[in-house]
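Reading through the structure tokens given below for one structure.
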Number of protein chains: 2
Amino acid sequence: MSKIDDVAKLAGVSKGTVSNVFSRKRPISEKVQKRVLEAAKELNYTPNHIARSLVTKKTMTISLSMPSAKRISLTTFHTNLINGVITEASLHNYRILIDTLAQEELELPFLSGNVVDGVIVLNPKVDDTRLDYLTKYNIPAVVIGEPSAKYKNLVSYVDNNNQEIVEEVTTYLLKKGHRRILYLNAPTKMTVSKVREAGFLQAFADLGISNNESLIHFKESLYEDPSQYGYDTVMKYFAADKDRYTAIIADTDKEAIGICRAFRKLNIKFPDDVAIVALSDDLVLSHELEPPIPTVDMQAEALGKTSVQMLFHQIKVGDYPEISRAVVKAKFHSREQ
Amino acid sequence: MSKIDDVAKLAGVSKGTVSNVFSRKRPISEKVQKRVLEAAKELNYTPNHIARSLVTKKTMTISLSMPSAKRISLTTFHTNLINGVITEASLHNYRILIDTLAQEELELPFLSGNVVDGVIVLNPKVDDTRLDYLTKYNIPAVVIGEPSAKYKNLVSYVDNNNQEIVEEVTTYLLKKGHRRILYLNAPTKMTVSKVREAGFLQAFADLGISNNESLIHFKESLYEDPSQYGYDTVMKYFAADKDRYTAIIADTDKEAIGICRAFRKLNIKFPDDVAIVALSDDLVLSHELEPPIPTVDMQAEALGKTSVQMLFHQIKVGDYPEISRAVVKAKFHSREQ
DNA sequence: CTGAAAGCGCTTACAG
DNA sequence: CTGAAAGCGCTTACAG
């Protein structure tokens, strides 16, 4: 690879001038610029970003710290979120480094070593080594979702209006006349399950309706296959008494698919016998069901974009990042005309 | 951030010694090592990877050049493939940079600038700017899938045994007595479609069976939703004559889902009236269908792992990378006992 | 608008 | 087993 000196020599200018032709940090006369570019082209020169980073202290890279045990399982929600992150980052000429927990356990290699300018943290845990590290070293970071109490005041985050949206969905069902609703909530381990539970209960309270005959079922976290989980859970609650509940709120759309499968098996008609609403929208899956069920779009792409905007803000601010919050509103699609 | 000089001073040794404590490139005595590590801990020192990369010429990063128009759409195949790539890369302490075509169009920023040591290229195109660039600059690269003729002898790649596997599936159907098979193949644009077509025809030839009543339908590339595509295509071919074909080979499992939906609509029973086989296995989706349909596992994770191994081989070899090939065998699951 | 020189934080022969 | 010094390829005040 040719380097900046080679180009400078061939173009008959100084290294500084060549540098500025490429970085546009200061104006260079037309003629000189042309000469430099021609020399660069002839030598197949392309600036070495590593050398640049060493002096500018910017790597133009952010990392996306992904949820994962052994294997990453990307839902549509994640895919959309990643799209948002990439789109927004590209806009600022930033690159994305994938970071997984498996790697984090080794040595937190991406957070350290000045390899990235900031990090987007997905699926924060109650005790989160990543957040410990990031806050300790004051590295710009934005969490997507709600961090546990321990970190809440130490780190920026963007989250959905989870309480509101579950309240909206529940209210929708209650107003339709449903009184026995089964809510398949997230596992208790996830902070979001409590927030959503509150929304569920609030809807009943607001309308002065008793929730005695309804039930919140928290997911057992051992389930790997969400569809199978939906299927099994419906079997458990409906096999003995098909009329026990008149509506289900599913935590994810894949769960909803399993629920529908169970209903077909049990010969329960939806939405006539039992209404279903699924949180988190999936273009492909929603087509599979007839009729299409109401879903909630968590706006994953917007979450991704917002997180990156917040991160850039922190990166600019510098050594003493401001803690900030943002809320991305989910959208309920009732599928009604 | 403290730097290597600070640690050296505090520990009373030279920078070189500190460097070697962290890189383990040459043996350091126990005592000195201990002193250095203590000093590093006290100063919260962590080596600057950027500075290291500048001299070693290794970034310990490879990029994954993803297929994407405007938005990335990650199928299970991609997710599994990415898992393979990450797993294998982590094993060698390598990081993964996500690269999208959208970004490539800007300035090929990840390929250039010595930011990565090599790249994994997904979904090669007939004319592929990425491959033009990579071969021109002699950057280590491995394509997943079959590159077009133009690049075939210039770049390493790993692919499935596409001809064989489609031949196997077709033979399976023919031996079951099917004579009128509809094969929903990939779009003609994709090189894989021709290879698979050959496998399909070979099966007929080997058994001396005429393919006159069978049909290969190449996907129109304008379809975005694979499930909808499967649905529409079945409607087109079966609506008028439910008995036209007795078996379908679907290109993807999402397609198969749409096909099943169409069959339910048309009141065609599968596999009794029409047999279905889907290429590319998806854990979640295969559960949705009753009975489960035969599928082909393309071994996406193995493809990912192999590509990384091949890439590392090239990176080690250095300036004149050897071109190599590998085949990952797909696995047919007939779902029979 | 341009040049010369110092410096970013490491690693690596070389010498001992 | 350890140290002193050169150098990786850039950018950036400083001076003109």
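Just so we're clear, the structure is a prediction, and the values are computed from it rather than from any experiment. Residue numbers begin at 1 in each chain, while the letters A, B, ... track the order of the sequences.
Partners of Asp159(B) by side chain to side chain contact (heavy atoms under 4.5 Å, CB included), not counting sequence neighbours, listed by chain and number: Glu146(B), Tyr157(B), Asn162(B). Scored by the side chain to side chain donor-acceptor pair (under 3.5 Å) test, Asp5(A) finds no partners at all (sequence neighbours excluded). Gln309(B) pairs by the side chain to side chain donor-acceptor pair (under 3.5 Å) definition with Glu88(B), not counting sequence neighbours. Applying the side chain to side chain donor-acceptor pair (under 3.5 Å) test to Asp127(A) and every residue at least two apart in sequence or in another chain returns Lys150(A). Scored by the side chain to side chain donor-acceptor pair (under 3.5 Å) test, Ser53(B) finds no partners at all (sequence neighbours excluded).
Distance noted for atom C1' between dG16(C) and dT12(C): 16 Å (whole Å).
The NZ-P distance, from Lys58(A) to dC8(C), rounds to 17 Å in whole Å. Per the geometry, CZ belonging to Arg35(A) stands 12 Å off C1' belonging to dC1(C), to the nearest Å.
Residue pairs meeting the ring-ring contact (aromatic ring centres under 6.0 Å, His included) criterion with at least one partner in residues 10-29 of chain A, sequence neighbours excluded, are Phe22(A)-Tyr45(A).
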With a cut-off of 3.5 Å and sequence neighbours excluded, list every side-chain donor-acceptor pair involving residues 6-21 of chain A.
from	atom 1	to	atom 2	distance (Å)
Asp6(A)	OD2	Lys3(A)	N	2.8
Ser14(A)	OG	Gly16(A)	N	3.4
Ser14(A)	OG	Thr17(A)	N	3.3
Ser14(A)	OG	Thr17(A)	OG1	3.2
Asn20(A)	ND2	Gly16(A)	O	2.9

Per-nucleotide protein contact string for nucleotides 9-16 of chain C, where B marks a base within reach and S marks sugar-phosphate only (heavy atoms under 4.0 Å, - for neither):
BBBBBB--
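Between the side chains of Tyr133(B) and Asp128(B), no donor N or O sits under 3.5 Å from an acceptor N or O.
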Can you run through DNA chain C from 5' to 3' and write each base as (, ), [, ], | or . depending on how it pairs? Watson-Crick or G-U wobble, both distances under 3.5 Å.
|||.||||||||.|||
